[in-house]
Amino acid sequence: GNAVALGDDSIRSYLVTDVSGQPKEIGLQLGENALNSLPTDTSGGIREFSYPIPAPANIAGTGVNHIEVDWNPYGHDPVGIYTVPHFDFHFYYVDEATQGSVTPGVDTVSVAPQYLPQDYVSGVVAVPNMGVHFIDTTSAEFHGVPFTSTFIYGFYHGNFMFLEPMVTKAFFESHPDFTAPVKQPQAFQIPGYYPTSYA
């Protein structure tokens with residue numbers, strides 16, 4: 001996809017396919033200096049800085065509709081867990097109009113159990129223009145280990161919305177050689193390809 005300015009550099013999306021054109025990997029490439037000079041001024045009430053990322057031309061058929069990156073210079077709730085500088089990488093499986101229809105507030109509409117991976121629970125409150133974040137209760141950050149990266153499933157009114165790796169700025173700066181499995185539900189509401197790991 002086309003590059004978008006980020007920090008002192010840029011970020012862009014990419015899609016790797018096999019010889020038959022089947023998707024093998026979807027991701028984001030940050031330029032060498034993208035973590036430098038990131039915005040930090042939240043005095044105007046801005047909680048995060050959002051960057052819509054143009055999708056690769058061959059994204060049709062993957063299931064991913066569009067991509068958005070959110071930079072959180074001071075993190076977000078829950079306090080003491082995710083209140084460190086980090087990125088939220090949203091891979092939306094719905095269109096932008098559906099994403100934009102999400103209103104803030106308590107969302108107690110249940111998700112059918114076959115669509116939830118084991119150990120994932122609702123964050124209950126819908127974040128505007130995103131949805132409800134479902135977290136893995138077995139993730140290290142809920143067991144005394146400082147947050148570095150985690151994987152989120154997003155729903156709204158019981159409907160699947162997005163997948164979201166969350167990664168701290170500090171973890172990126174440590175240049176980790178990191179891969180982790182993505183827990184799978186029994187079924188998906190939206191046809192497409194879904195990651196079995198993130199790296």
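Both backbone and side-chain heavy atoms feed into the values below; hydrogens, waters and symmetry mates do not. Since the model is a prediction, treat every value here as computed from it, not as a measurement.
- You'll find the side chain of L28 reaches within 4.5 Å of the side chain of V69, heavy atoms only.
- No donor-acceptor pair closer than 3.5 Å links the side chain of W71 to the backbone N or O of L38.
- When all heavy atoms are compared, the tightest approach of P56 to S13 is CD-OG, 3.0 Å.
- Residues F91 and I53 are not in side-chain contact: their nearest non-hydrogen atoms beyond the backbone lie 4.5 Å or more apart.
- The shortest non-hydrogen separation linking V4 to P54 is CG2-CD, 3.4 Å.
- Closest of all the heavy-atom pairs between T42 and P73 is CG2-CG, 3.9 Å.
- For F162 and Y92, the gap between ring centers is short of 6.0 Å.
- With F142 as the partner, the side chain to side chain contact (heavy atoms under 4.5 Å, CB included) test is satisfied by one option alone out of D136, T137, I135, T150: I135.
- Here the CD1 atom belonging to I11 is positioned 9.0 Å from the CD1 atom belonging to I67, to the nearest 0.5 angstrom.
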Between T196 and V182, does a side-chain contact (heavy atoms from CB on, under 4.5 Å) hold up when you go through it step by step? CA-CA 5 Å; T196 56; V182 173; 5.8 Å; no
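- At least one donor-acceptor pair under 3.5 Å links the side chain of D95 to the backbone N or O of T98.
- L15 has its side chain within reach of P23: a pair of non-hydrogen atoms, C-beta onward, lies under 4.5 Å apart.
- Criterion: ILVMFWY side-chain heavy atoms under 4.5 Å apart, direct or through other members. Under it, V167 and Y14 are not part of a common hydrophobic cluster.
- Considering only heavy atoms from C-beta on, E164 stays 4.5 Å or farther from F89 through its side chain.
- Judged by distance alone, the side chains of Q99 and H90 never bring a donor and an acceptor atom under 3.5 Å apart.
- The two residues V102 and M161 have their closest heavy-atom pair at CG2-CE, 3.5 Å.
- Contact of the D70 side chain with the Y51 side chain is not registered, since no non-hydrogen atoms from C-beta on lie closer than 4.5 Å.
- Across V109 and G158, no two heavy atoms sit closer than the pair CG1-N, 3.7 Å.
- Under a cut-off of 6.0 angstrom, the local environment of CD in Q184 is crowded, with over 12 non-hydrogen atoms contributed by other residues, nucleotides or ligands.
- Note that CZ of F155 is 10.0 Å distant from OG of S122, once rounded to the nearest 0.5 Å.
- Under the 4.5 Å side-chain criterion, counting only non-hydrogen atoms from C-beta, Y153 is in contact with L163.
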side-chain contact (heavy atoms from CB on, under 4.5 Å) between H157 and D107, worked out: CA-CA 6 Å; H157 291 169; D107 179 0; 3.4 Å; yes
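- In this structure, L116 CG and Q114 CD are separated by 9.0 Å, a value rounded to the nearest 0.5 Å.
- With values rounded to the nearest 0.5 angstrom, E96 atom CD is found 10.5 Å from N129 atom CG.
- G154 and F160 make their closest contact through O-CD1, 3.5 Å (heavy atoms, listed as atom of the first residue, atom of the second, distance).
- Using the six-membered ring where Trp is involved, F87 and F172 have ring planes that are perpendicular, over 60° apart on the 30 and 60° scheme.
- Note: F171 and F147 fail the aromatic proximity criterion, with ring centroids not under 6.0 Å apart.
- A distance of 10.0 Å separates OH in Y115 from CD1 in I190, rounded to the nearest 0.5 Å.
- Of the possible polar contacts, none joining the N72 side chain to the Y74 backbone as a donor-acceptor pair under 3.5 Å is found.
- Remark: side-chain polar atoms of S139 are not paired, donor with acceptor, to backbone N or O of E141 under 3.5 angstrom.
- No side-chain donor-acceptor contact under 3.5 Å links Y193 to the backbone of Q22.
- Y194 is listed as a side-chain neighbour of Y93, based on a closest heavy-atom distance under 4.5 Å.
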Could you give me the CA-CA distance, side-chain angles and deciding distance for H86 and D88, then say whether side-chain hydrogen bond (donor to acceptor under 3.5 Å, both in side chains) is met? CA-CA 7 Å; H86 72 269; D88 298 340; 3.0 Å; yes
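- F134 and V121 end up in the same hydrophobic cluster when Ile, Leu, Val, Met, Phe, Trp and Tyr side chains are linked at under 4.5 Å.
- Counting heavy atoms from C-beta outward, L30 and D9 have side chains that stay 4.5 Å or more apart.
- Note that CG of D8 is 10.0 Å distant from CG of L35, once rounded to the nearest 0.5 Å.
- Of the N and O atoms on the side chains of Y156 and T103, at least one donor lies less than 3.5 Å from an acceptor on the other residue.
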